[in-house]
Amino acid sequence: SYLHMGGRIGILADAEGDSDKGFLNEVCMHIAAFRPQYVSPDMIPATVIEKEKEIAGAQVTGNFSVSPTGAVFGVAVDRNAMNYDTRAPKLWKWASPDSSASLVHSFAASANISAQIVFDAVGNAFGVTELGGTGASGQVWRVAATGGAAVVQASLPATAGKYTSGNLFRDPGTGQVFGLSYFKGVAPTHEGAVWRWTPTPSAVSVEATLTGWGTAGGKPQGVLVDSATGFVYGVSVGNNGDTQLWRANGATITVLATLP
């Protein structure tokens, strides 16, 4: 037996055969600390199991960013969803140390978000969904720094492909947002695309096509724009594991190097 907090909590353990009293005492201490509600799985109500699944399923992804104002934005998805395309993401925001995280927007089930969120100088947030929109290729959205839900700015055209990956890049001079998609073609090439969102007038255009696995294609991982020249730089991982650094000058893709 074990008494805790002056007898407010009591644990009584029954052991068969020879037993180590010190070990049993430690077991009782752990029971007192964790205060289990059930002894065996068959005692747990189905409603409790479903609630725990919901909590475990709503996990935060690796996609979170810090705005210029210090607010942290992130994405949580339902990992219990069997189909990848049905994981309805939730955008959350944590504004300051003296506040709790708040739900900003609940996206549709086909609107998974993997690309990194970017910001302008005053803290307006920009992102893109992997699917949805008129082209079924995703939508560029914006959340104002002053608050409110995500507002769709434009749909990616079908020619951009699906599943935007890697990071987004926002040109601070023009306000344009650049991104990468990697499911433009069909297996085994899976051609991707470099796309650009222009805020005024709001529209998405495909800048260049990535030509498939191993030839400046594969799954794009990152994008960067040289504002002075307009060149778009990126890296892609091919089916054979090679990682290539490439440059897009308009519609022309040039492989610059295969990374070690």
Side-chain angles (χ1 to χ4, degrees), residues 61-68 73 75 112-121 124-131 135 137-142 153-185 188-200 202-260:
T61 70
N63 182 1
F64 59 95
S65 303
V66 181
S67 78
F73 285 78
V75 177
N112 198 50
I113 299 172
S114 62
Q116 201 74 16
I117 300 166
V118 293
F119 304 91
D120 62 16
N124 296 314
F126 299 86
V128 63
T129 62
E130 293 188 352
L131 299 170
S137 296
Q139 295 175 307
V140 177
W141 50 263
R142 173 183 178 271
Q153 304 298 299
S155 292
L156 274 66
T159 51
K162 301 177 180 180
Y163 307 124
T164 298
S165 64
N167 68 299
L168 299 178
F169 178 85
R170 182 182 179 276
D171 189 323
T174 64
Q176 296 174 332
V177 174
F178 293 79
L180 302 168
S181 300
Y182 72 93
F183 205 79
K184 186 174 183 289
T189 59
H190 291 314
E191 292 180 342
V194 180
W195 54 265
R196 174 177 61 183
W197 171 65
T198 302
T200 307
S202 183
V204 177
S205 59
V206 175
E207 299 296 294
T209 295
L210 302 172
T211 55
W213 298 111
T215 53
K219 184 175 181 179
Q221 299 293 316
V223 61
L224 179 67
V225 179
D226 184 342
S227 300
T229 62
F231 292 163
V232 179
Y233 294 86
V235 292
S236 298
V237 178
N239 199 32
N240 57 3
D242 290 341
T243 301
Q244 293 181 318
L245 172 67
W246 48 262
R247 180 182 65 200
N249 180 12
T252 303
I253 297 283
T254 302
V255 176
L256 302 177
T258 297
L259 305 182

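This one's a predicted model, so the numbers in the text were calculated from it and none came from an experiment.
- Every residue two or more places apart in sequence or in another chain was checked for a side-chain hydrogen bond (donor to acceptor under 3.5 Å, both in side chains) with Q153, and none qualifies.
- Residues satisfying the side-chain hydrogen bond (donor to acceptor under 3.5 Å, both in side chains) test with T174, not counting sequence neighbours, are Q176.
- In this structure F119 satisfies the ring-ring contact (aromatic ring centres under 6.0 Å, His included) test together with F73, sequence neighbours excluded.
- Annotation for D120 and P68: closest pair O-CG, 3.3 Å, computed over non-hydrogen atoms.
- For the side-chain hydrogen bond (donor to acceptor under 3.5 Å, both in side chains) test, no residue two or more places apart in sequence or in another chain qualifies with W141.
- The minimum heavy-atom distance between S202 and A154, with the atom names listed, is OG-CB, 3.6 Å.
- Side chains of L156 and V140 form a contact here, defined as non-hydrogen atoms less than 4.5 Å apart.
- Judged as a side-chain hydrogen bond (donor to acceptor under 3.5 Å, both in side chains), and not counting sequence neighbours, the contacts of D171 are S227.
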**Study point:** Worked check of side-chain contact (heavy atoms from CB on, under 4.5 Å) between R170 and V177
**Key:** CA-CA 4 Å; R170 182 182 179 276; V177 174; 4.1 Å; yes

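- Between L180 and V194 the shortest side-chain heavy-atom distance falls below 4.5 Å.
- Across every non-hydrogen atom of S65 and I117, the tightest pair is OG-O, 3.1 Å.
- Applying the side chain to side chain contact (heavy atoms under 4.5 Å, CB included) rule to T229 yields the partners D226, F231; only residues at least two apart in sequence or on another chain are considered.
- Residues S205 and E207 come closest through the heavy atom pair OG-OE2, 2.9 Å.
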Check your understanding: Given F169 and V118, is the side-chain contact (heavy atoms from CB on, under 4.5 Å) satisfied, shown in steps?
Key -> CA-CA 7 Å; F169 178 85; V118 293; over 6 Å; no

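- When all heavy atoms of A193 and V206 are compared, the pair lying nearest together is CB-CG1, 4.1 Å.
- Taking both residues in full, the closest heavy atoms of R247 and L256 are given as CB-CD1, 3.8 Å, listed atom of the first, atom of the second, then distance.
- Residues V128 and W197 are not in side-chain contact: their nearest non-hydrogen atoms beyond the backbone lie 4.5 Å or more apart.
- Rounding to the nearest 0.5 angstrom, the gap separating the CG atom in N249 from the OH atom in Y233 is 9.0 Å.
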